[in-house]
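Only one structure is covered here, and it is reproduced in the block below.
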Amino acid sequence: MAHKPGEEVPRDGSVHCVLHPDVIANVTKGETFPAPTHFGDNEACEWEFA
């Protein structure tokens, strides 16, 4: 299941960008998924747990 930036993180872990699997972020439960910084704002970003 993919998550969009700004959504609440359901659990601790590492996530990767669905379109750019080499882009990885560590997330913490209760915080929000990070905004995309690896490409232009006009592209959709979705995070998926590794």
Qualifying residues under side-chain contact (heavy atoms from CB on, under 4.5 Å), relative to Val18, sequence neighbours excluded: Ala2, Glu46, Glu48
For Thr32, all residues meeting side-chain hydrogen bond (donor to acceptor under 3.5 Å, both in side chains), sequence neighbours excluded: none
Over all atoms of both residues, closest heavy-atom pair of Lys29 and Asp12: N-OD1, 2.6 Å
Minimum side-chain heavy-atom gap Ile24-Trp47 below 4.5 Å: no
Partners passing side-chain contact (heavy atoms from CB on, under 4.5 Å) against Val9 (at least two apart in sequence or in another chain): Val27, Phe33, Phe49
Heavy-atom closest pair, residues His16 and Ala50: ND1-CA, 4.1 Å
Note, Pro5 side chain near Pro34 side chain (heavy atom, < 4.5 Å): no
Rounded distance (nearest 0.5 Å) linking atom CD of Glu31 with atom CD of Glu8: 10.0 Å
